[in-house]
Amino acid sequence: MLGPADDVDAAWAHTTAADEPALRAEYADTARFLVEQRLTGPEVSVEAVVHEGEVGFTNITAKLVQDTGHPVETGHTVPADLPAATADALREAIARLAAAVGFRSGVLHSEWILVDGVPHLVECAGRLPGGGITILIDLTYDTDILANLLRVLTGEGPVGPLTARRGSAVRFLIARPGVVESVTGAERAEAAPGVAELHLSVAPGATVRTTVSSWERAGLVVTTGADAAEAGRRAEHALSLIDIRTAGGER
C-alpha cells in the first residue's frame, strides 16, 4: 500500500521485480499490475456456499492485518462481530456479486474493506478460503466446509444457513527478521485454554525474512471460545507464550 509520502517509482520498481513463482502464473506477455484507490477501514471476508446461483450458508470472517505497507493478515476470527446492518449489507453484497459474475455452484470467497460501514470489494475467487478460515468455519458451525462444497458441486442440493455454536480464531506468528536462535513456549501454548491447533514453521537455524507476504509468517495458533471475543483473547494469550529469538535481538 502507498501513502502520500511514499516513492511511487520505487514501489513500481519493487513490484515489477517481485519474483513469486509459487503465486504467479506463467504468461507469455509481461505481467501487468492493477492500481486501485487505497481504502481505510476494517477488513473482512465473506465465504458463501452457492448452489445453482442461490447463496446458501454464508460466513463473515473478521481480519487483522499488519499496519505496514504490506498488509499481511495476522489473524482471523469467526464469526465477525459486526453491527447487524453491516452484516446484512455484506450478505446482500455477496448475493449481488454471485449474480453479477454468474457464479453457479461452489464456494465463493470474497474480501472486503468496510469504509464507514459500507462494504467495498477487494477481490473474489471461486475457491475455499485460505489462512485457516476453513478450520475456523468447521469449528464454529460444527460443519465440514469441504463436504459442503462437494455437495453443491455434485448437485446433491443446497447448504442452508448454519448457526454458530462457538467462536474460533487463528493468530499468526510474526518473528523478527534474522537467523532463529531458539523457539520456546510451544508446549505451554499448546496446553493453553481453547487451543485446538498449533503449528510452527521455523526452527533454530532457519532464516526469518521481513513479513511482506503470508509466506514469511512463522506459525499459527487456532483457538475456540464461547464466542468470537473469547476465542480471540485465547489466541492472543497462546501466541504470547511463544518466544522466537533471532540473531540481533529478541522478538
Side-chain angles (χ1 to χ4, degrees), residues 1-2 15 18 20 22-25 27 31-66 70-83 85-138 140-141 143-154 158-162 164 168 170 172 213-215:
M1 295 192 301
L2 296 176
T15 301
E20 294 183 311
L23 300 178
R24 179 185 296 174
Y27 295 104
R32 294 179 296 174
F33 297 88
L34 178 66
V35 178
E36 299 178 302
Q37 177 186 358
R38 180 174 178 173
L39 301 174
T40 302
E43 296 191 26
V44 300
S45 70
V46 181
E47 293 77 41
V49 180
V50 185
H51 177 254
E52 296 183 358
E54 294 296 323
V55 175
F57 166 69
T58 303
N59 168 72
I60 303 174
T61 300
K63 292 177 171 285
L64 296 174
V65 299
Q66 288 188 137
H70 301 278
V72 179
E73 294 158 349
T74 58
H76 298 132
T77 306
V78 173
D81 183 13
L82 296 172
T86 303
D88 288 343
L90 283 164
R91 294 187 189 97
E92 292 172 2
I94 193 71
R96 292 198 306 272
L97 175 62
V101 300
F103 194 83
R104 297 302 300 162
S105 295
V107 170
L108 180 56
H109 170 65
S110 56
E111 304 194 11
W112 309 75
I113 293 177
L114 303 174
V115 181
D116 296 327
V118 178
H120 294 259
L121 181 64
V122 177
E123 65 179 57
C124 64
R127 61 168 175 82
L128 290 169
I133 296 175
T134 55
I135 298 171
L136 303 188
I137 289 174
D138 288 352
T140 298
Y141 298 95
T143 191
D144 184 334
I145 191 65
L146 179 57
N148 294 338
L149 171 60
L150 294 176
R151 177 180 175 83
V152 296
L153 288 179
T154 57
V159 177
L162 299 173
S168 61
V170 60
F172 297 98
S213 75
S214 59
W215 299 100

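Side chains are part of it too, since the values below use all heavy atoms of this structure and drop only hydrogens, waters and symmetry mates. The structure presented is a predicted model; accordingly, all values stated were derived computationally and were not measured. In this chain, numbering begins with 1 at the start of the sequence shown.
- The main-chain N or O of Gly56 is found under 3.5 Å from a side-chain atom of Thr58 such that the two form a donor-acceptor pair.
- Proximity of a side-chain donor or acceptor of Thr140 to a complementary backbone N or O of Leu136 within less than 3.5 Å is detected.
- Counting only residues at least two apart or on different chains, the salt bridge (charged side-chain N to carboxylate O under 4.0 Å, His left out) pairs with a member in residues 91-102 are Asp88-Arg91.
- To the nearest 0.5 Å, atom NE2 of residue His109 and atom CD of residue Glu123 are 6.0 Å apart.
- No side-chain heavy atom of Pro42 sits under 4.5 Å from any side-chain heavy atom of Ile113.
- Side chain of Asp138 to backbone of Ile145: a donor-acceptor contact under 3.5 angstrom is found.
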Derivation of the side-chain contact (heavy atoms from CB on, under 4.5 Å) call for Val49 and Leu149: CA-CA 7 Å; Val49 180; Leu149 171 60; over 6 Å; no

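- Counted within 6.0 Å of CG on Asp144, heavy atoms from surrounding residues, nucleotides or ligands total more than 12; the atom is thus considered enclosed.
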Criterion side-chain contact (heavy atoms from CB on, under 4.5 Å) on Phe172 and Val72, from CA distance to verdict: CA-CA 10 Å; Phe172 297 98; Val72 179; over 6 Å; no

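- Taking CG of Leu128 as the reference point, atom OG1 of Thr134 lies at 6.5 Å (rounded to 0.5 Å).
- Remark: the backbone N or O of His51 is not paired with any side-chain donor or acceptor of Ser105 at under 3.5 angstrom.
- Taken from CG in Leu97 to OG in Ser110, the straight-line distance is 6.0 Å, to the nearest 0.5 Å.
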Working for side-chain contact (heavy atoms from CB on, under 4.5 Å), residues Val152 and Val159: CA-CA 7 Å; Val152 296; Val159 177; 4.2 Å; yes

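- Looking at Pro79 and Ile60, their side chains never come closer than 4.5 Å, going by heavy atoms from C-beta outward.
- Leu39 contributes atom CG, which lies 12.0 Å from atom CH2 of Trp112 (distance to the nearest 0.5 angstrom).
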Steps toward side chain to side chain donor-acceptor pair (under 3.5 Å) verdict (Thr61, Glu47): CA-CA 8 Å; Thr61 300; Glu47 293 77 41; 3.0 Å; yes

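- A distance-only check finds a donor-acceptor pair linking the side chain of Thr154 to the backbone of Arg151 [under 3.5 Å].
- Contact check for Ser213 versus His70: no side-chain heavy atoms found under the 4.5 Å cut-off.
- Heavy atoms of other residues, nucleotides or ligands lying less than 6.0 angstrom from CD of Gln66 number more than 12.
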side-chain contact (heavy atoms from CB on, under 4.5 Å) evaluation trace for Leu82 with Leu90: CA-CA 10 Å; Leu82 296 172; Leu90 283 164; 3.7 Å; yes

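- Atom CD1 of Ile135 sits about 11.5 Å away from atom NE2 of His76, to the nearest 0.5 Å.
- Here the CZ atom belonging to Arg104 is positioned 12.5 Å from the CG atom belonging to Leu153, to the nearest 0.5 angstrom.
- By the side chain to side chain contact (heavy atoms under 4.5 Å, CB included) test, Pro71 is found to be paired with Met1, Val65, residues two or more places apart in sequence or in another chain being considered.
- Across all non-hydrogen atoms, the minimal contact from Ala62 to Ala80 is N-CB, 3.5 Å.
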